[in-house]
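Working notes, beginning with the structure itself.
This chain uses plain numbering: 1 for the first residue, then up along the sequence.
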Amino acid sequence: MAYLPPHKRHSKGSGGPSPVPASLPRQFKRGLNFRSPKTNANQSGKIVYADTAISRWFAVGLDDDGDHLPSGVFLKPVSVEAVERRSGEKPLVLAKSCMANEDDETGRDHSKKPWVHIAETVMPDLVSSFEVVRSEIQGQSMEEIKPTLVARFGKIHFHGSPSFPFPVETCGDMVTETSLKQLKRSFYTNVPASFVKNVTLRIIPEIDLSFEDEKDVYHVKLSDKSRPDSTISCKCSVELNQVRHMVVDVSCLDKDLDMRLMLCTKRILTAISEKEKNSIRDLIASAVIDSSVKGGLRWPLGKESSGDRYSVVGVWHTISKTYKNSSMRLKVRHADRFDFRFSHGEVTEETVLKLKGITSALHGQSLQTDLISDVLKDAVKMMWEHFLSC
């Protein structure tokens, strides 16, 4: 039997593969500046944090002592194939028993609205992180470095260790916020189909968003041996890794989903040589569209690298619809991804909310913290009421 690469081991697709349209290589004519702020990357080079980045987790719905989780809240393992394949273990999520929900509705009196608590906790980190971003981009065009504040919705995954102080399925009388902070965590953005349907049919009209566009895009992720801490992303332009300056994960114990608020920057490359352009263009041009493979693109044997510098490490096929108003842009995305480094793919449904109004306020000549605080509270209140229930 002929050998099949891992990403070809997939459900049968309709029709034969077709070569990438000629327009795909042409879209990489725009260049980019490879200068970037000092960053720390994980070993895969996929996620990059600025040296001054702030990463924080906290929970909304704690007991009055401010540390212990409510009785009936516990950690439980969940099956997520993509996560288990990488880490070899099931991630842990905070869950709540039905009895705990009943007790919460009749017992506890929240002295502060949850969205106010979230906004007031995030605000100092947001302001200090953006001040760092402003200092890094002085003397450079804002079209080259683009700061963005985004909100993501999904579930916070905790990853255990042998030294963790309590066992899985332990309830809130032993689980504390302090002990949870000892665990590694990640944010899983795949949301249920019911959530996507609810967002599309109900929430978008309620928050007065209008349809902007629909896109069907292939993203190719390249490794560059001359920049081992960077991953090059090719869409309609060539970009370096998104750099994270602030990440705040919020466990929302009274809701179905959790929230992540993230301040990040991306850099559009504007100064790459013709040799670099040609190498990337040739690599993209050799791709073949094939609906039977994960990620939607494959390369003929031996064509997945260009010389001894660039090689394909991942591919995404995304179909997204975007909705907007004056203060925010919402993207509802179906993503089919394949990671060549782990020989694994996943299909996900995702929502990304770009908070344009807050980003614009942060761009002002002087930071009007009272105004930004009020806008942030309103935005978090909207998300709490509309985006955290399935």
Side-chain angles (χ1 to χ4, degrees), residues 2-28 42-48 80-87 152 154 186-191 193 196 214-224 230-242 266 279-306 310-322 331-352:
Y3 172 74
L4 289 177
H7 74 302
K8 282 287 289 178
R9 301 166 193 167
H10 193 62
S11 58
K12 294 180 180 179
S14 57
S18 57
V20 175
S23 59
L24 207 58
R26 287 202 299 268
Q27 61 190 344
F28 304 110
N42 68 0
Q43 290 182 348
S44 69
K46 183 179 180 181
I47 299 175
V48 177
V80 182
E81 183 184 356
V83 177
E84 293 175 58
R85 190 178 184 92
R86 294 188 182 195
S87 65
R152 305 296 302 269
S186 60
F187 198 84
Y188 189 58
T189 56
N190 190 17
V191 294
V196 175
E214 181 173 2
K215 293 182 179 179
D216 187 334
V217 179
Y218 290 92
H219 310 247
V220 180
K221 305 290 184 178
L222 305 178
S223 67
D224 181 354
S230 294
T231 299
I232 296 175
S233 177
C234 305
K235 304 183 293 184
C236 296
S237 59
V238 184
E239 301 172 359
L240 289 179
N241 310 64
Q242 184 183 79
K266 67 177 181 180
S279 295
I280 295 174
R281 187 181 296 114
D282 291 345
L283 198 53
I284 301 304
S286 62
V288 176
I289 293 178
D290 189 344
S291 62
S292 70
V293 303
K294 295 178 180 179
L297 290 179
R298 62 177 174 83
W299 278 258
L301 187 63
K303 296 289 188 180
E304 64 278 358
S305 61
S306 178
Y310 299 110
S311 59
V312 179
V313 294
V315 61
W316 300 1
H317 180 205
T318 62
I319 301 173
S320 61
K321 291 184 179 180
T322 304
K331 181 176 290 186
V332 180
R333 179 168 65 195
H334 171 88
D336 179 6
R337 297 184 175 94
F338 184 77
D339 190 324
F340 286 77
R341 294 162 297 195
F342 295 95
S343 296
H344 183 68
E346 186 180 21
V347 177
T348 59
E349 306 294 334
E350 303 169 351
T351 55
V352 184

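Heavy atoms from other residues, nucleotides or ligands lying under 6.0 Å from CD of Glu81 number 12 at most.
Applying the side-chain contact (heavy atoms from CB on, under 4.5 Å) rule to Glu349 yields the partners Asn190, Val191, Val196, His334; only residues at least two apart in sequence or on another chain are considered.
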Quiz item: Stepwise, does the salt bridge (charged side-chain N to carboxylate O under 4.0 Å, His left out) test hold for Glu350 with Lys331?
Solution: CA-CA 8 Å; Glu350 303 169 351; Lys331 181 176 290 186; over 6 Å; no
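Counting heavy atoms from C-beta on, the side chains of Phe342 and Arg85 never come closer than 4.5 Å.
Under a 3.5 Å cut-off, the side chain of Asp336 and the backbone N or O of Gly295 do form a donor-acceptor pair. Side-chain atoms of Arg341 never come within 3.5 Å of backbone atoms of Gly314 as a donor-acceptor pair (strictly under, hydrogens ignored).
To the nearest 0.5 angstrom, Arg337 atom CZ is 4.5 Å from Thr348 atom OG1. Distance OG1/Thr351 to CZ/Arg333: 9.5 Å, rounded to 0.5 Å. How far CD of Glu304 is from CG of Leu222: 12.0 Å, rounded to the nearest 0.5 Å. For the atom pair CG (Leu297) and CD1 (Ile284), the distance works out to 8.0 Å, reported to the nearest 0.5 Å. Between atom OG of residue Ser223 and atom OH of residue Tyr310 there is a gap of 10.0 Å, rounded to the nearest 0.5 Å. The OG atom of Ser306 sits 11.5 Å away from atom CZ of Arg281, with the distance rounded to the nearest 0.5 Å.
Of all the heavy atoms in Tyr218 and Gly296, the pair that sits closest is CE2-O, 3.8 Å. Across every non-hydrogen atom of Leu283 and Lys303, the tightest pair is CD1-O, 3.3 Å. Closest approach of Val312 to Phe340, counting heavy atoms only: CG1-CE1, 3.7 Å. The two residues Phe338 and Gly345 make their nearest non-hydrogen contact at CD1-N, 3.7 Å.
Among the candidates Val293, Ile289, Val315, the single residue satisfying the side-chain contact (heavy atoms from CB on, under 4.5 Å) test with Arg298 is Val293.
Under the 30°/60° scheme for interplanar angles, the aromatic rings of Trp316 and His219 are found to be tilted.
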